[in-house]
S.K.: 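Take this structure first; my questions come after.
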Amino acid sequence: ENKDWLCRNCNNLVSSDLTTCPHCNADKPEENNEPTPEGINEVVERDNYTNATPRPKAKYIFREAVLVNVAGSRNVADKCIEYDVEKMVMVSTDKDVNPTNIMGCTKRLTENYVQSMGLAMEQGSKAGKTKFVTTRFGNVLGSNGSVIPLFKEQIENGGPVTVTHPEIIRYFMLIPEAVSLVLQAGAYANGGEIFILDMGSPVKISELAENLIRLSGYEPYTEMPIEFTGLRPGEKLYEEKLMDEEGLKTTPNRLIHIGAPVPFDTDRFLLQLQELMHACHENREDIAQLVLDMVPTYHPADERNSEKSGS
(Lines give C-alpha, C1' and ligand atoms only; values in the text may rest on other atoms or scores of the structure.)
Protein backbone atom coordinates (compact mmCIF):
# COMPACT_ATOMS: atom_id res chain seq x y z
CA GLU A 1 0.00 0.00 0.00
CA ASN A 2 1.38 3.40 -1.00
CA LYS A 3 1.43 5.97 1.80
CA ASP A 4 2.47 9.57 1.97
CA TRP A 5 5.99 9.95 3.30
CA LEU A 6 7.54 12.40 5.74
CA CYS A 7 10.39 14.56 4.48
CA ARG A 8 13.09 14.43 7.16
CA ASN A 9 14.56 17.71 5.89
CA CYS A 10 11.55 20.05 6.20
CA ASN A 11 9.04 17.90 8.16
CA ASN A 12 6.33 18.11 5.48
CA LEU A 13 4.16 15.22 4.31
CA VAL A 14 4.76 14.40 0.64
CA SER A 15 2.47 12.52 -1.74
CA SER A 16 3.30 8.86 -2.30
CA ASP A 17 3.46 9.61 -6.04
CA LEU A 18 6.53 11.81 -5.59
CA THR A 19 10.11 10.76 -4.95
CA THR A 20 11.33 14.32 -4.28
CA CYS A 21 9.91 16.74 -1.72
CA PRO A 22 8.28 19.70 -3.55
CA HIS A 23 8.97 21.95 -0.56
CA CYS A 24 12.73 21.56 -0.26
CA ASN A 25 13.75 19.21 -3.14
CA ALA A 26 15.04 16.56 -0.72
CA ASP A 27 14.91 12.98 -1.97
CA LYS A 28 12.60 10.39 -0.48
CA PRO A 29 14.48 8.22 2.05
CA GLU A 30 14.98 4.59 1.05
CA GLU A 31 13.19 3.31 4.15
CA ASN A 32 10.44 5.25 5.86
CA ASN A 33 8.19 3.80 8.50
CA GLU A 34 6.65 7.09 9.62
CA PRO A 35 2.96 6.78 10.45
CA THR A 36 0.67 9.16 8.62
CA PRO A 37 -2.15 11.03 10.41
CA GLU A 38 -4.66 8.51 9.01
CA GLY A 39 -2.80 5.78 10.91
CA ILE A 40 -3.23 7.42 14.32
CA ASN A 41 -6.42 6.29 15.99
CA GLU A 42 -6.10 8.83 18.80
CA VAL A 43 -6.68 11.79 16.46
CA VAL A 44 -9.90 13.41 15.32
CA GLU A 45 -9.90 14.11 11.58
CA ARG A 46 -10.87 17.76 11.78
CA ASP A 47 -8.54 18.64 14.67
CA ASN A 48 -5.33 16.74 14.05
CA TYR A 49 -3.23 18.73 16.50
CA THR A 50 -5.95 19.45 19.04
CA ASN A 51 -7.34 16.22 20.43
CA ALA A 52 -4.49 13.73 20.32
CA THR A 53 -4.06 12.29 23.76
CA PRO A 54 -0.53 12.21 25.19
CA ARG A 55 0.33 8.59 24.54
CA PRO A 56 3.48 7.25 22.83
CA LYS A 57 1.57 5.82 19.85
CA ALA A 58 0.45 9.37 19.01
CA LYS A 59 4.14 10.20 18.46
CA TYR A 60 3.69 11.60 14.97
CA ILE A 61 0.99 14.08 15.99
CA PHE A 62 2.87 15.08 19.13
CA ARG A 63 5.98 15.76 17.07
CA GLU A 64 4.14 17.93 14.56
CA ALA A 65 2.23 19.78 17.29
CA VAL A 66 5.47 20.62 19.10
CA LEU A 67 7.18 21.74 15.90
CA VAL A 68 4.24 23.91 14.83
CA ASN A 69 3.06 25.38 18.13
CA VAL A 70 6.22 25.46 20.24
CA ALA A 71 9.12 25.65 17.78
CA GLY A 72 7.18 27.96 15.44
CA SER A 73 6.26 30.39 18.22
CA ARG A 74 9.79 30.21 19.62
CA ASN A 75 11.19 31.20 16.22
CA VAL A 76 8.87 34.22 16.05
CA ALA A 77 9.77 35.27 19.60
CA ASP A 78 13.50 34.94 18.93
CA LYS A 79 13.23 37.06 15.79
CA CYS A 80 11.28 39.71 17.70
CA ILE A 81 14.18 39.96 20.15
CA GLU A 82 16.78 39.93 17.37
CA TYR A 83 15.12 42.82 15.51
CA ASP A 84 14.10 44.84 18.60
CA VAL A 85 10.35 44.50 18.08
CA GLU A 86 8.64 46.59 20.75
CA LYS A 87 5.92 44.10 21.70
CA MET A 88 4.89 40.56 20.84
CA VAL A 89 1.37 39.43 21.70
CA MET A 90 1.16 35.66 21.93
CA VAL A 91 -2.36 34.45 21.17
CA SER A 92 -2.99 31.49 23.45
CA THR A 93 -6.07 29.47 24.35
CA ASP A 94 -8.15 28.47 27.35
CA LYS A 95 -7.20 24.89 26.48
CA ASP A 96 -3.78 25.41 28.08
CA VAL A 97 -5.32 25.77 31.56
CA ASN A 98 -5.03 22.33 33.18
CA PRO A 99 -4.59 20.88 29.67
CA THR A 100 -6.00 17.52 28.66
CA ASN A 101 -4.76 17.37 25.06
CA ILE A 102 -1.79 18.09 22.81
CA MET A 103 -2.90 21.60 21.84
CA GLY A 104 -3.25 22.67 25.45
CA CYS A 105 0.11 21.20 26.43
CA THR A 106 2.00 22.84 23.56
CA LYS A 107 0.30 26.19 24.12
CA ARG A 108 1.30 26.02 27.78
CA LEU A 109 4.92 25.46 26.70
CA THR A 110 4.66 28.44 24.35
CA GLU A 111 3.36 30.69 27.14
CA ASN A 112 6.25 29.53 29.32
CA TYR A 113 8.79 30.26 26.60
CA VAL A 114 7.77 33.87 26.05
CA GLN A 115 7.60 34.34 29.83
CA SER A 116 11.15 32.95 30.11
CA MET A 117 12.44 35.33 27.45
CA GLY A 118 10.77 38.31 29.12
CA LEU A 119 12.27 37.46 32.50
CA ALA A 120 15.72 36.91 30.99
CA MET A 121 15.69 40.39 29.45
CA GLU A 122 14.39 41.97 32.67
CA GLN A 123 17.18 40.33 34.66
CA GLY A 124 19.81 41.33 32.13
CA SER A 125 20.86 37.78 31.26
CA LYS A 126 19.64 38.26 27.69
CA ALA A 127 20.02 41.33 25.50
CA GLY A 128 16.83 42.74 24.01
CA LYS A 129 13.93 45.08 24.65
CA THR A 130 10.89 43.19 23.36
CA LYS A 131 7.93 43.04 25.74
CA PHE A 132 6.14 39.70 25.65
CA VAL A 133 2.49 39.37 26.62
CA THR A 134 -0.08 36.63 26.25
CA THR A 135 -3.78 36.80 25.43
CA ARG A 136 -5.92 33.83 26.38
CA PHE A 137 -9.45 33.19 25.19
CA GLY A 138 -11.73 30.48 23.84
CA ASN A 139 -13.46 29.75 20.56
CA VAL A 140 -13.96 32.32 17.80
CA LEU A 141 -17.12 31.89 15.74
CA GLY A 142 -16.47 31.82 12.00
CA SER A 143 -12.76 31.07 12.32
CA ASN A 144 -11.04 28.01 10.86
CA GLY A 145 -12.27 24.95 12.72
CA SER A 146 -15.32 26.72 14.14
CA VAL A 147 -18.31 24.51 14.85
CA ILE A 148 -20.82 26.77 13.02
CA PRO A 149 -19.62 26.01 9.44
CA LEU A 150 -19.61 22.29 10.29
CA PHE A 151 -23.18 22.44 11.61
CA LYS A 152 -24.33 24.38 8.52
CA GLU A 153 -22.75 21.82 6.22
CA GLN A 154 -24.39 18.95 8.10
CA ILE A 155 -27.79 20.65 7.96
CA GLU A 156 -27.43 21.31 4.22
CA ASN A 157 -26.65 17.62 3.74
CA GLY A 158 -29.76 16.56 5.63
CA GLY A 159 -28.08 15.70 8.92
CA PRO A 160 -27.38 14.36 11.34
CA VAL A 161 -25.85 17.28 13.21
CA THR A 162 -23.10 15.81 15.40
CA VAL A 163 -22.38 17.00 18.94
CA THR A 164 -19.92 15.13 21.14
CA HIS A 165 -21.83 15.35 24.45
CA PRO A 166 -25.23 16.77 25.58
CA GLU A 167 -23.61 18.76 28.42
CA ILE A 168 -20.48 20.10 26.69
CA ILE A 169 -20.12 23.89 26.91
CA ARG A 170 -17.72 26.39 25.37
CA TYR A 171 -16.95 30.11 25.44
CA PHE A 172 -17.43 32.00 22.16
CA MET A 173 -16.77 35.41 20.65
CA LEU A 174 -16.95 36.89 17.16
CA ILE A 175 -13.88 37.58 15.00
CA PRO A 176 -14.16 41.42 15.28
CA GLU A 177 -14.43 41.14 19.08
CA ALA A 178 -11.40 38.87 19.29
CA VAL A 179 -9.27 41.10 17.06
CA SER A 180 -10.28 44.27 18.92
CA LEU A 181 -9.57 42.82 22.35
CA VAL A 182 -6.19 41.38 21.30
CA LEU A 183 -5.12 44.78 19.94
CA GLN A 184 -6.29 46.57 23.09
CA ALA A 185 -4.50 44.07 25.29
CA GLY A 186 -1.32 44.79 23.33
CA ALA A 187 -1.79 48.50 23.97
CA TYR A 188 -2.19 47.93 27.74
CA ALA A 189 0.82 45.62 27.96
CA ASN A 190 3.92 46.47 29.95
CA GLY A 191 5.46 43.03 29.54
CA GLY A 192 4.89 39.68 31.23
CA GLU A 193 1.11 39.87 31.61
CA ILE A 194 -1.44 37.23 30.70
CA PHE A 195 -4.55 38.98 29.42
CA ILE A 196 -7.74 36.99 29.96
CA LEU A 197 -10.45 38.11 27.54
CA ASP A 198 -14.02 38.06 28.86
CA MET A 199 -15.94 35.61 26.71
CA GLY A 200 -19.27 36.18 28.44
CA SER A 201 -21.37 33.23 29.56
CA PRO A 202 -20.52 29.76 28.26
CA VAL A 203 -22.78 28.26 25.61
CA LYS A 204 -24.07 24.69 25.59
CA ILE A 205 -23.12 23.24 22.20
CA SER A 206 -26.30 21.16 21.96
CA GLU A 207 -28.40 24.33 22.35
CA LEU A 208 -26.27 26.07 19.71
CA ALA A 209 -27.00 23.20 17.33
CA GLU A 210 -30.72 23.30 18.14
CA ASN A 211 -30.94 27.06 17.50
CA LEU A 212 -29.06 26.80 14.22
CA ILE A 213 -31.38 24.01 13.07
CA ARG A 214 -34.42 26.17 13.87
CA LEU A 215 -32.92 29.13 12.02
CA SER A 216 -32.53 26.81 9.03
CA GLY A 217 -36.26 26.05 9.10
CA TYR A 218 -36.24 22.63 10.78
CA GLU A 219 -37.31 21.26 14.13
CA PRO A 220 -34.43 19.68 16.09
CA TYR A 221 -34.54 15.91 16.64
CA THR A 222 -37.83 15.38 14.73
CA GLU A 223 -37.05 17.01 11.35
CA MET A 224 -33.28 17.25 11.76
CA PRO A 225 -31.55 14.64 13.93
CA ILE A 226 -28.81 15.51 16.43
CA GLU A 227 -26.38 12.69 17.09
CA PHE A 228 -24.27 12.62 20.27
CA THR A 229 -21.01 10.93 19.29
CA GLY A 230 -19.16 10.88 22.64
CA LEU A 231 -16.31 13.04 23.87
CA ARG A 232 -13.23 12.89 21.68
CA PRO A 233 -9.86 11.85 23.16
CA GLY A 234 -8.47 14.73 25.21
CA GLU A 235 -11.71 16.76 25.12
CA LYS A 236 -13.07 18.59 28.18
CA LEU A 237 -16.71 19.07 29.05
CA TYR A 238 -15.87 22.54 30.39
CA GLU A 239 -13.03 24.91 29.47
CA GLU A 240 -11.23 26.97 32.13
CA LYS A 241 -9.86 30.48 31.60
CA LEU A 242 -7.17 30.60 34.28
CA MET A 243 -5.59 28.61 37.06
CA ASP A 244 -6.32 29.46 40.69
CA GLU A 245 -2.72 30.62 41.24
CA GLU A 246 -2.91 33.23 38.48
CA GLY A 247 -5.44 35.52 40.17
CA LEU A 248 -7.26 38.20 38.22
CA LYS A 249 -6.89 42.00 37.98
CA THR A 250 -8.98 44.55 36.13
CA THR A 251 -8.03 46.94 33.30
CA PRO A 252 -9.75 50.08 31.94
CA ASN A 253 -11.63 47.74 29.60
CA ARG A 254 -14.10 45.63 31.58
CA LEU A 255 -13.75 42.85 28.99
CA ILE A 256 -9.99 42.49 29.54
CA HIS A 257 -8.51 41.12 32.76
CA ILE A 258 -4.93 40.39 33.78
CA GLY A 259 -3.72 37.11 35.25
CA ALA A 260 -0.35 36.89 36.99
CA PRO A 261 2.01 34.30 35.46
CA VAL A 262 2.77 31.36 37.74
CA PRO A 263 6.50 31.30 38.65
CA PHE A 264 8.56 28.34 37.45
CA ASP A 265 12.24 27.38 37.06
CA THR A 266 13.05 29.04 33.73
CA ASP A 267 16.59 27.62 33.49
CA ARG A 268 15.31 24.07 33.91
CA PHE A 269 12.48 24.76 31.47
CA LEU A 270 14.85 25.97 28.75
CA LEU A 271 17.07 22.91 29.18
CA GLN A 272 14.01 20.65 28.93
CA LEU A 273 12.84 22.55 25.85
CA GLN A 274 16.20 22.02 24.17
CA GLU A 275 15.97 18.28 24.84
CA LEU A 276 12.39 18.25 23.49
CA MET A 277 13.53 19.93 20.27
CA HIS A 278 16.28 17.33 19.86
CA ALA A 279 13.75 14.56 20.40
CA CYS A 280 11.43 15.99 17.74
CA HIS A 281 14.16 16.39 15.13
CA GLU A 282 15.35 12.85 15.85
CA ASN A 283 11.73 11.59 15.84
CA ARG A 284 12.24 9.78 19.14
CA GLU A 285 9.74 7.63 20.99
CA ASP A 286 9.83 9.71 24.18
CA ILE A 287 8.38 12.97 22.77
CA ALA A 288 5.05 12.53 24.56
CA GLN A 289 6.69 11.83 27.91
CA LEU A 290 9.02 14.83 27.58
CA VAL A 291 6.02 17.08 26.99
CA LEU A 292 4.21 15.68 30.02
CA ASP A 293 7.29 16.17 32.19
CA MET A 294 7.26 19.86 31.25
CA VAL A 295 3.52 20.39 31.86
CA PRO A 296 2.77 19.31 35.45
CA THR A 297 -0.76 20.74 35.21
CA TYR A 298 -1.73 18.14 32.60
CA HIS A 299 -4.68 15.96 33.63
CA PRO A 300 -6.32 13.15 31.66
CA ALA A 301 -9.63 14.37 30.24
CA ASP A 302 -11.71 11.75 32.06
CA GLU A 303 -10.23 12.83 35.40
CA ARG A 304 -10.77 16.53 34.73
CA ASN A 305 -14.34 16.05 33.50
CA SER A 306 -15.18 14.05 36.64
CA GLU A 307 -13.80 16.82 38.86
CA LYS A 308 -15.77 19.54 37.09
CA SER A 309 -19.03 17.59 37.04
CA GLY A 310 -18.70 16.76 40.71
CA SER A 311 -18.90 13.01 40.20
Side-chain angles (χ1 to χ4, degrees), residues 69-70 72-74 76-81 83-99 103-124 126 128-146 169-204 236 238-264 266 269 295-297 308:
N69 289 344
V70 184
S73 299
R74 182 191 64 172
V76 174
D78 290 348
K79 287 301 177 183
C80 286
I81 296 173
Y83 290 100
D84 289 330
V85 173
E86 182 179 349
K87 292 179 182 178
M88 173 181 161
V89 179
M90 207 284 285
V91 178
S92 190
T93 170
D94 53 8
K95 291 178 175 62
D96 86 345
V97 179
N98 299 311
M103 181 184 181
C105 287
T106 53
K107 282 290 192 176
R108 168 60 60 179
L109 296 183
T110 303
E111 283 194 18
N112 287 351
Y113 183 74
V114 297
Q115 185 180 343
S116 298
M117 292 299 98
L119 288 172
M121 287 184 289
E122 283 181 20
Q123 295 167 358
K126 186 175 185 64
K129 63 179 184 181
T130 303
K131 295 178 180 179
F132 290 104
V133 296
T134 296
T135 58
R136 188 188 293 163
F137 53 96
N139 301 278
V140 179
L141 288 174
S143 63
N144 289 339
S146 171
I169 62 172
R170 288 293 181 266
Y171 292 95
F172 288 99
M173 66 168 52
L174 300 175
I175 292 175
E177 291 178 311
V179 172
S180 174
L181 291 175
V182 168
L183 292 175
Q184 288 184 54
Y188 293 150
N190 292 313
E193 302 98 335
I194 298 175
F195 288 96
I196 315 295
L197 307 189
D198 191 336
M199 304 286 292
S201 299
V203 176
K204 187 177 286 190
K236 291 181 180 180
Y238 312 90
E239 297 292 2
E240 305 161 88
K241 290 187 286 188
L242 76 164
M243 296 187 295
D244 293 339
E245 300 91 332
E246 291 174 326
L248 206 60
K249 298 179 181 178
T250 59
T251 69
N253 188 326
R254 62 181 179 82
L255 297 178
I256 302 176
H257 309 280
I258 300 176
V262 177
F264 61 97
T266 57
F269 168 78
V295 186
T297 54
K308 296 299 288 186

S.K.: Ignoring hydrogens, what is the shortest heavy-atom contact between A178 and V140? Give both atom names and the distance.
M.R.: CB-CG2, 4.0 Å

S.K.: Once salt bridge (Lys or Arg N to Asp or Glu O under 4.0 Å) is applied, do any residues pair with K87, and if so which ones, sequence neighbours excluded?
M.R.: none

S.K.: Who passes side chain to side chain donor-acceptor pair (under 3.5 Å) against K126, sequence neighbours left out?
M.R.: none

S.K.: What do the steps show when you test V295 against L109 for side chain to side chain contact (heavy atoms under 4.5 Å, CB included), and what is the final call?
M.R.: CA-CA 7 Å; V295 186; L109 296 183; 3.7 Å; yes

S.K.: Distance from M88 atom CE to M117 atom CE, nearest 0.5 Å?
M.R.: 11.5 Å

S.K.: How would you list, by chain and number, every residue that makes a side chain to side chain contact (heavy atoms under 4.5 Å, CB included) with L183, sequence neighbours excluded?
M.R.: V179

S.K.: Heavy-atom distance under 4.5 Å between the side chains of Y171 and M173, does that happen here?
M.R.: no

S.K.: With sequence neighbours excluded, what pairs up with F264 under the ring-ring contact (aromatic ring centres under 6.0 Å, His included) test?
M.R.: F269

S.K.: Take K95 and N139 through the side chain to side chain contact (heavy atoms under 4.5 Å, CB included) test and state the conclusion after the steps.
M.R.: CA-CA 10 Å; K95 291 178 175 62; N139 301 278; 3.8 Å; yes

S.K.: Could you please spell out the steps behind the side chain to side chain contact (heavy atoms under 4.5 Å, CB included) verdict for F137 and V182?
M.R.: CA-CA 10 Å; F137 53 96; V182 168; 3.7 Å; yes

S.K.: Any heavy-atom pair between the side chains of R136 and T93 that's under 4.5 Å?
M.R.: no

S.K.: Quick check: does any side chain N or O of T251 sit under 3.5 Å from a backbone N or O of I256, one acting as donor and the other as acceptor?
M.R.: yes

S.K.: Can you confirm whether N253 sits close enough to L181 that some side-chain heavy atom of one is under 4.5 Å from a side-chain heavy atom of the other?
M.R.: yes

S.K.: Taking the side chain as everything from C-beta on, heavy atoms only, tell me whether R108 gets closer than 4.5 Å to N98.
M.R.: no

S.K.: Report yes if the side chains of H257 and L197 come closer than 4.5 Å at any heavy-atom pair, otherwise no.
M.R.: no

S.K.: Could you check if a side-chain atom of F195 sits within less than 4.5 angstrom of a side-chain atom of V89, using non-hydrogen atoms only?
M.R.: no

S.K.: Would you be so kind as to tabulate the donor-acceptor pairs closer than 3.5 Å made by side chains of residues 128-135, with sequence neighbours excluded?
M.R.:
residue, atom, partner, partner atom, Å
T130, OG1, C80, O, 3.0
T130, OG1, V85, O, 2.7

S.K.: Ignoring hydrogens and geometry, is there a side-chain-to-backbone donor-acceptor pair from K107 to V91 under 3.5 Å?
M.R.: yes

S.K.: Under the side chain to side chain donor-acceptor pair (under 3.5 Å) test, which residues partner S180, sequence neighbours left out?
M.R.: Q184

S.K.: Minimum heavy-atom separation for C105 to P99, with atom names?
M.R.: N-CB, 3.6 Å

S.K.: Taking the side chain as every heavy atom from C-beta outward, state whether R170 and V203 have any atom pair closer than 4.5 Å.
M.R.: no

S.K.: Quick check: does any side chain N or O of E193 sit under 3.5 Å from a backbone N or O of G191, one acting as donor and the other as acceptor?
M.R.: yes

S.K.: I need the full list of side chain to side chain donor-acceptor pair (under 3.5 Å) pairs touching residues 112-121, with sequence neighbours left out, sorted by first then second residue.
M.R.: D78-Y113

S.K.: Taking all heavy atoms of T110 and all of S73, pick out the closest pair and write down the distance.
M.R.: CG2-CB, 3.3 Å

S.K.: Looking at residues at least two apart in the chain, or sitting in another chain, which of them share a side chain to side chain donor-acceptor pair (under 3.5 Å) with S92?
M.R.: D96, E111

